[in-house]
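No hydrogens, no waters, no symmetry mates; every other heavy atom, side chains included, goes into these values.
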Amino acid sequence: MSGFKRDWNGNAKKRDGPKPPPKKVVQNQYTPMFETLRDELDQHHDRRERIIKASRDITALSKKIIFALQRVRKIDKELPKNIQAEVDTRLADISKLLATIAPEIQGINRYRYARSLMCLEELVEALTFLHYLKTQTLITPEQLTPIMDDLVRKAITPPEDVPMTDVNEPAATSPEKPEEKEIPKVSLTQDDYLYGVFDLTGEMMRFATTSTALTGTMAGGGAPGDEEPRTIVEDMHELGSFFEMLPVGPGKRFQWEKKLEVTRQSVQKVERLGYDRTIRGSERPKGWIPDLSGGDQPEEE
């Protein structure tokens, strides 16, 4: 029985003499096909890992945008400067991440890696919440498309440096610009938009609870001179009715019904908040936060 020679420490000694010739790899007519499949699978797994890493970072940045927006106390066209600056910084970071994965999710790859792009739902939630706090309206998919394109374009297209010219010098003719390459786009699917708006209702409920407790009034807006401006309660009613009327797509019933149930709970919490403020608001001290965790509890006598 053959074995390795070892020294006093138990380490295998190097074999004396010439090394055995390497084994020949069996080659046949099918080898190139399997090598091509191997390379495609390696590219697929590497691409998927890059998308997952970027998606995780985009999700975290989108949540930070939402956390910053929750510090707003009223619906207005202009956000506080410190919050607006923080939102712009987060969006710039998201823009760089989207630009890195945009070339890899074109065509059929957009749907091939749909499960790895769950970050887009969180980004839609952040953008719709930002739009709502500024305009008290729901952003449409048509309005979101140019925003997404602009985010990718800002990171891919470098700023043009304009050379300074002397006033006395004649204006030089600008050289012909090379043909611009088509900038890849990150498209949003119907599910990305709808599920992002589903999650928006939860942020609206938290915003209504906090702003009402700290300001003593229900958040809302309207045209100047309106006696009864539209409040966030009415907006939640409209969103809830909108989702109740939508048909459920095939193969999406479980996730759809789960998010719809959470939306119903958010609408009911805001309703109870409005009812309590209207009926018993004068009895509550400023800063009081209602208990919206469960159903109606009987009062102790």
ask   = Taking all atoms of both residues into account, what is the closest heavy-atom pair of W256 and P247, and its distance?
value = CZ2-O, 4.4 Å

query = According to the interplanar angle, ranging from 0 to 90°, do the rings of F198 and F243 count as parallel (below 30°), tilted (30 to 60°) or perpendicular (above 60°)?
reply = parallel

ask   = At their closest point, which heavy atom of R253 faces which heavy atom of V248, and how far apart are they?
value = CA-CG1, 3.7 Å

ask   = So which of E271, Q265, K269 actually passes side chain to side chain contact (heavy atoms under 4.5 Å, CB included) with V267?
value = E271

message = Salt bridge check, K64 against D93: does any charged N sit closer than 4.0 Å to a carboxylate O?
response = no

query = Going by atom types only, do Q84 and D88 share a side-chain donor-acceptor pair under 3.5 Å?
reply = yes

request  = Give me the ring orientation class for H44 and Y113: parallel if the planes are under 30° apart, tilted from 30 to 60°, perpendicular past 60°.
outcome  = parallel

query = Taking all atoms of both residues into account, what is the closest heavy-atom pair of L239 and M204, and its distance?
reply = CD1-SD, 3.6 Å

inquiry  = Y132 and side chain to side chain contact (heavy atoms under 4.5 Å, CB included): which single residue from L69, I232, T137 fits?
reply    = I232

key: Full working for side-chain contact (heavy atoms from CB on, under 4.5 Å) between N109 and R47   = CA-CA 10 Å; N109 283 346; R47 186 185 302 114; 4.3 Å; yes

query = Is there a donor in the side chain of D39 and an acceptor in the side chain of T36, or the other way round, less than 3.5 Å apart?
reply = no

Could you pull out every donor-acceptor pair under 3.5 Å between side chains of residues 96-107 and any protein atom, sequence neighbours left out?
{"residue": "T100", "atom": "OG1", "partner": "L97", "partner atom": "O", "Å": "2.5"}
{"residue": "E104", "atom": "OE2", "partner": "R50", "partner atom": "NE", "Å": "3.0"}
{"residue": "E104", "atom": "OE2", "partner": "R50", "partner atom": "NH2", "Å": "2.5"}
{"residue": "Q106", "atom": "NE2", "partner": "A102", "partner atom": "O", "Å": "2.5"}
{"residue": "Q106", "atom": "NE2", "partner": "K185", "partner atom": "O", "Å": "2.8"}

query = If you take all heavy atoms of R73 and T215, which pair is closest and at what distance?
reply = O-CG2, 4.1 Å

query = Would a distance-only check, ignoring hydrogens and angles, find a side-chain to backbone donor-acceptor pair under 3.5 Å from T31 to N28?
reply = yes

Separation of R90 CZ from I58 CD1 (nearest 0.5 Å) = 14.0 Å

Anything under 3.5 Å between a donor and an acceptor, one on a side chain of residues 115-128, the other on a protein residue two or more places apart or in another chain? List them.
{"residue": "E122", "atom": "OE2", "partner": "K63", "partner atom": "NZ", "Å": "3.4"}
{"residue": "T128", "atom": "OG1", "partner": "V124", "partner atom": "O", "Å": "2.8"}
{"residue": "T128", "atom": "OG1", "partner": "E125", "partner atom": "O", "Å": "2.9"}

ask   = If you count the non-hydrogen atoms of other residues, nucleotides and ligands that lie under 6.0 Å from CD in E35, is the total more than 12?
value = yes

